[in-house]
Amino acid sequence: MTDQLIDNVTADGAVYFIFGATGDLARRKLFPALYSLYREGKLGDKFAIVGLARRPRTDEQFREDVLESIKEFCRYKIGEGQEWQDFAERFTYHSLDIGNVDGFRELQASTEALEARYSIAGNRLFYLALAPELFGTVSRNLRDGGMLESAGWHRLVIEKPFGYDYPSASKLNEEIRHVFKEEEVFRIDHYLGKEMVQNIEVIRFANAFFEPLWNKQHIANVQITLSETVGVEERGAYYNKSGALRDMVQNHMLQMLTMIAMEPPSHLDPEAIRDEKVKVLRSLRSFKSGDEVRERVIRGQYTSGELRGQALKGYREEDSVPADSTTETFFAARLFVDNFRWSGVPFYVRTGKRLPVKSTEIVVEFKNVPGNLLFASRQQLQPNLLVIRVNPMEGIYIRINAKKPGNEMTVQPVAMEFCQSCQVGINTPEAYERLIFDAARGDSTYFTRWDELAAAWQLVDPIAAAWQEHAADLAHYSAGAWGPQQAHKLLHQDGFHWWPVNGQDEDNVIWVSNTGK
Ligand SMILES: NC(=O)C1=CN([C@@H]2O[C@H](COP(=O)(O)OP(=O)(O)OC[C@H]3O[C@@H](n4cnc5c(N)ncnc54)[C@H](OP(=O)(O)O)[C@@H]3O)[C@@H](O)[C@H]2O)C=CC1
Ligand SMILES: O=C1O[C@H](COP(=O)(O)O)[C@@H](O)[C@H](O)[C@H]1O
């Protein structure tokens, strides 16, 4: 991060309003992220943070909550001495019901006092860590309560889920856009804040040996896996309505796919990049019938099982889930980007809860070299792979074929790994730090634009509709397994298989790695 970028944020300062300040997201992600930004000097001297929610809290109680959250979740250690006091004094709490416009008028008066105290030039960032049903009301009351009349910029940061389907997302968008301009709206997809997702652009566009091969002539398929070991636990009320399709696929999975598939943008500016991403979303082959959904999409739900010796409940046995739920906790699909570059190349995506490991990886599998007499007669060559490890390990590895030392002409797969998280360790910024900082400096590159969201919902809605008609399509898998068998067949039919995540499990591969292993 250059000093110039930090200066852009800190020169005039800003007030950060956290709506939903007593909630889970604020506690686990937002307060720790704000503290990390503070520690790195990215908030500068001119800032104040206002927490808002209905329940009563004194400033002191609120600061205690913030301290506990930082202690538990922040990558930086915090003491309780002067440094904490200096940071804590910037936090105030304002009890307010979103529906009550008078509360916003009082907020306006107290904000002016804060701005005067810290010489802040009227810049205001509103972070909505709230249920989406409240987004429209907050926007309206911010305007009607006079909160948008200050001299500086006003930015609205919104959490997912953005809608339930295209019509509801569109309605929500209209409500927000009555008050805020598109360039003032920052729609979070926290995967876009992840280091390795942002690194995809560099890996693709700053390396001579990937881009010439990045097309249907040379790539056999792309696999994107986002697997989680956690179950739904106490989030059933939300998750049971959402399922893997709306919780993960409509946003994180499709966003990663666009980063892999997009054309090089003409400039490195937010609109040019998002223009390219939206073209990918619009090129995704749509699902025209229920049969097409059944042919290309697998949905599953976990039953009871076992993971690392621990017995696990099935989804329907979770306390927060109805016993007859047909919500999917697993999703796998074969998608196609119907454009010149990718025509015919399958993009396999899969995500699920209660899978064997927590891992997000993107595998680009290259086509095999043309039939080579020397090798082909003796052994099956393994394809070359480029693997981007997004989470929790961060890094990349490439898998090539090399000669096994000795007299025989035996080919051995070798994986050459750059493990970024092994080097940078805990100092890799959390996605939320990066995204709050980007919103504060007005850089919307790693936020989703409305047309991207609209295109993503338009792909996803027919899948949800087909499932509603055919509840019987739901397959099951034991907690701790890699999803239902059908997810494997999806690739076997095409002559492929899912590459194991954390490829080091493959014992026929020699690893050359900066991890020292
Ligand atoms: N938690 C997470 O990890 C993630 C959450 N999200 C999204 O972030 C948003 C917030 O989630 P989360 O923190 O988990 O939710 P919580 O239910 O934990 O928190 C909701 C917050 O909203 C406040 N609130 C509710 N109604 C009102 C109201 N009428 N007026 C003022 N404040 C109100 C609550 O405070 P009070 O009751 O005191 O009013 C509370 O602070 C949701 O949209 C969620 O989908 C997205 C990704 C991850
Ligand atoms: O948005 C969400 O993401 C998390 C997974 O995020 P990660 O950064 O831990 O990989 C997921 O658990 C949650 O269901 C979903 O809402």
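Remember, it's 1-based here, ligands and their atoms both numbered in the order they're listed.
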Peer 1: Name the option, out of L130, N100, I18, L30, that contains the heavy atom nearest to atom 22 (O) of ligand 1.
Peer 2: L130
Peer 1: For Y432 and ligand 1, does the shortest N/O to N/O distance drop below 3.5 Å?
Peer 2: no
Peer 1: Out of R54, E133, R27, K160, whose heavy atom sits nearest atom 28 (C) of ligand 1?
Peer 2: R54
Peer 1: Of E159, E228, K160, which has the heavy atom at the shortest distance from atom 12 (O) of ligand 2?
Peer 2: E228
Peer 1: With only distance considered, is A53 within less than 3.5 Å of ligand 1 through an N or O on each side?
Peer 2: no
Peer 1: For ligand 2, is any non-hydrogen atom under 4.0 Å from Y191's backbone (N, CA, C, O), its side chain (CB onward), both, or neither?
Peer 2: side chain
Peer 1: Suppose I only count heavy atoms of K194 and a 4.0 Å limit; which atoms of ligand 2 are within that range?
Peer 2: 7 (P), 8 (O)
Peer 1: Would you say atom 19 (O) of ligand 1 touches the protein, meaning some protein heavy atom is under 4.0 Å from it?
Peer 2: yes
Peer 1: May I ask you to identify the nearest protein heavy atom to atom 21 (C) of ligand 1, giving residue, atom name and distance to one decimal place in Å?
Peer 2: G20 CA, 3.6 Å
Peer 1: Between R28 and ligand 1, which residue portion shows a heavy-atom distance shorter than 4.0 Å: side chain, backbone, both, or neither?
Peer 2: side chain
Peer 1: Have a look at ligand 1 and work out which part of L134, if any, has a heavy atom under 4.0 Å from it: side chain, backbone, both or neither.
Peer 2: side chain
Peer 1: Give me the nearest non-hydrogen protein atom to atom 47 (C) of ligand 1 as residue plus atom name, then the distance to 0.1 Å.
Peer 2: E159 OE1, 3.7 Å
